[in-house]
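The chains referred to below are lettered A, B, ... by the order of the sequence lines, with proteins before strands, and numbering in each begins at 1.
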Number of protein chains: 2
Amino acid sequence: MQQPNRDKTGRRGRPVRRPAVVPVETRSHILDHAEALFALHGLHGVTVREVARAAAVDPALVHYYFETKAGLFDAVFQRRAAILNEERLREMDGYARAAGDRITVEGCVQAFLEPIWRHSYPNDPHWNNYFRMIALVNNTPEWGGEMMTRHFDPVIQRLIELLRTCMPRARDADLYWCYHFLSGALTLSLSRTGRIDRLSGGVCASDDMEAILRRMVPFIAAGFRQVCQPAD
Amino acid sequence: MQQPNRDKTGRRGRPVRRPAVVPVETRSHILDHAEALFALHGLHGVTVREVARAAAVDPALVHYYFETKAGLFDAVFQRRAAILNEERLREMDGYARAAGDRITVEGCVQAFLEPIWRHSYPNDPHWNNYFRMIALVNNTPEWGGEMMTRHFDPVIQRLIELLRTCMPRARDADLYWCYHFLSGALTLSLSRTGRIDRLSGGVCASDDMEAILRRMVPFIAAGFRQVCQPAD
DNA sequence: GTCTATAAGATGATAGAC
DNA sequence: GTCTATCATCTTATAGAC
């Protein structure tokens, strides 16, 4: 599998001591490949060796950087969560400021989703892998709830807050349950399993993120209003 | 699957051949415990030995009945799908017949969900495990789409058909995408991860299926109408 | 930081006795 | 149908050389 003592230059004497070409990126290089594999197979469906092989790196290095497989998984999850959270908060704050009194449920949902779509559409493979991971985690009974809470709660709370200003008479339970429906619809979309392609006989495509967003915003907004703002 | 040589009467002549006390149930006994484990950890998170130990059965027996781990997973998935599909078809047909011209989007969605809720609420641990498995499969990129299609498509097509009679001018793509949102919201609910409990500070409970249904039906119905029946 | 080597044990699956 | 025994392979993780 490995050729122990290769020396491309073939020049004799000292082993030259070049710490490879770009050692700076090793860590994120491992993260990228781990992300791609975890997205497809989940935590238990991936071995440290597979990650190492995909990243063309020694298995021991993975442990050097992340200690355990769970540590690796967590690091992968953490990396883009930080970025995404910041973008979403800024997007929602920006929208709220710009909209002022004209704030709408549609606008809030759109601002909440916008940063995701910016990364996923048309096609950033890294982010798309990450989003698949989120979908898997979100539906994992054992530790999924805890993990989602730990990484995303502040952003969700901000969304709820914003939605409350649109629907001042809404009850908390209704707002949270409706967010839960949004969360399910969103993460299933992000997992792009190809199910809808088969079901629809090709009329819909899992990868058509634009088609999804165009319908998700009005769908979710109408649902929120129906439940949180009953006609009474 | 088959019990070749059973002889309940024990009448003489032949060596009686009573294979233990209750051999009839071994297969479904294994299925039950596999179901509980797969629901929590997914296909890759469970070993054949763990299933065998949980079922208090020899590991080789699992292979005897199901050949491979994937075969076991599939058998678990199959078992209740057959039951559920039949119940859902009957529920939807019954509703459509009873409603006649007064058919509504709410009614269709309710009929579609009703059989699930009958099993999950208040508490049938077996069915609840099964529903968690569905949620996991539904969000599994690799083979999840294929598996959902294989087991559930006819029922979904029937739902779409019914919804089309409520919204005759709806376009297919809109109907399918809206079903996709429904599917995501539903399966996330079925996975009961505890996320919403944490997020809401205890205002909502993952296990409160009645609270979910009460909101899901109007939420989803309003979404469908908004997207599939634009005011134009 | 990166690699070799290896510990220490678990894995899916099967052959064959009963 | 059920069990014992076992194969061949893979697993996470670490110690220590370089």
Side-chain angles (χ1 to χ4, degrees), chain A residues 1-9 12-34 37-38 41-76 143, chain B residues 1-8 10 14-34 37-38 41-76 143:
Chain A
M1 193 188 274
Q2 61 285 67
Q3 311 101 318
N5 246 339
R6 196 131 52 78
D7 182 352
K8 273 171 181 161
T9 68
R12 74 192 218 34
R14 296 263 91 208
V16 176
R17 224 70 224 76
R18 242 182 329 89
V21 185
V22 191
V24 204
E25 304 289 3
T26 309
R27 201 188 123 98
S28 63
H29 193 237
I30 294 171
L31 285 175
D32 285 342
H33 287 89
L37 288 167
F38 284 141
H41 315 291
L43 170 62
H44 298 300
V46 177
T47 69
V48 173
R49 291 168 128 85
E50 284 169 345
V51 172
R53 183 151 33 83
V57 139
D58 193 277
L61 256 196
V62 177
H63 284 104
Y64 171 76
Y65 280 110
F66 306 101
E67 302 217 316
T68 65
K69 186 167 80 159
L72 172 61
F73 191 90
D74 223 76
V76 171
W143 39 269
Chain B
M1 196 188 274
Q2 63 286 65
Q3 311 103 318
N5 246 339
R6 196 128 55 79
D7 184 351
K8 273 170 179 165
R14 295 270 91 200
V16 176
R17 254 317 29 0
R18 237 188 334 87
V21 185
V22 192
V24 205
E25 305 290 5
T26 309
R27 201 188 124 98
S28 63
H29 192 237
I30 294 172
L31 285 175
D32 286 342
H33 286 90
L37 288 167
F38 285 140
H41 315 292
L43 170 60
H44 298 299
V46 177
T47 70
V48 173
R49 294 169 132 86
E50 283 168 347
V51 172
R53 185 152 31 84
V57 141
D58 192 278
L61 255 196
V62 177
H63 285 103
Y64 170 77
Y65 280 110
F66 306 101
E67 303 218 313
T68 65
K69 188 169 80 161
L72 171 61
F73 191 89
D74 222 77
V76 172
W143 38 269

Original post:
Short question: side chain of B:Lys69, backbone of B:His63 - any donor-acceptor pair under 3.5 Å?
Top reply: no
**OP:** Go through the structure and list residues passing side-chain contact (heavy atoms from CB on, under 4.5 Å) with B:Ala54, not counting sequence neighbours.
**Re:** B:His33, B:Leu37
**OP:** Please state how far atom CG in B:Leu61 lies from atom C1' in C:dA13, giving the value in whole angstrom units.
**Re:** 14 Å
Subject >> Out of D:dA13, C:dG1, C:dA13, whichever nucleotide has its closest atom nearest the side chain of A:His63 >> reply: D:dA13
**OP:** May I have the distance from A:His44 (atom NE2) to D:dT11 (atom C1'), rounded to whole angstrom?
**Re:** 14 Å
**OP:** For residues A:Leu61 and A:Thr26, determine if any side-chain heavy atom of one lies less than 4.5 Å from a side-chain heavy atom of the other.
**Re:** yes
Original post:
B:Ala60 has a side chain; which of C:dT2, D:dT2, C:dT14 sits nearest to it?
Top reply: C:dT14
Subject >> Atom of A:Asp58, atom of A:Ala52 and distance for their closest heavy-atom approach >> reply: C-CB, 4.0 Å
Subject >> Whichever of A:Tyr64 and A:Glu50 has its nearest DNA chain D nucleotide further upstream toward 5' >> reply: A:Glu50
Original post:
Can you name the residues that form a side-chain contact (heavy atoms from CB on, under 4.5 Å) with B:Asp74, not counting sequence neighbours?
Top reply: B:Met147, B:Arg150, B:His151
**OP:** Please determine, for the side chain of B:Tyr65, which listed nucleotide (C:dA13, D:dT2, C:dC3) has the closest atom?
**Re:** D:dT2
Subject >> B:Asp58 CG - C:dA15 C1' separation (whole Å) >> reply: 14 Å
**OP:** Would you mind reading off the distance between A:His41 atom NE2 and D:dT11 atom P, rounded to a whole angstrom?
**Re:** 12 Å
Original post:
Taking A:Thr68 for the side chain and A:Gly71 for the main chain, is one N or O donor matched with an acceptor at less than 3.5 Å?
Top reply: yes
Subject >> Interatomic distance where CG belongs to B:Leu43 and C1' belongs to C:dT11 [whole Å] >> reply: 13 Å
Could you list the protein-to-nucleotides 8-10 of chain C atom pairs, N/O on both sides, closer than 3.5 Å?
none

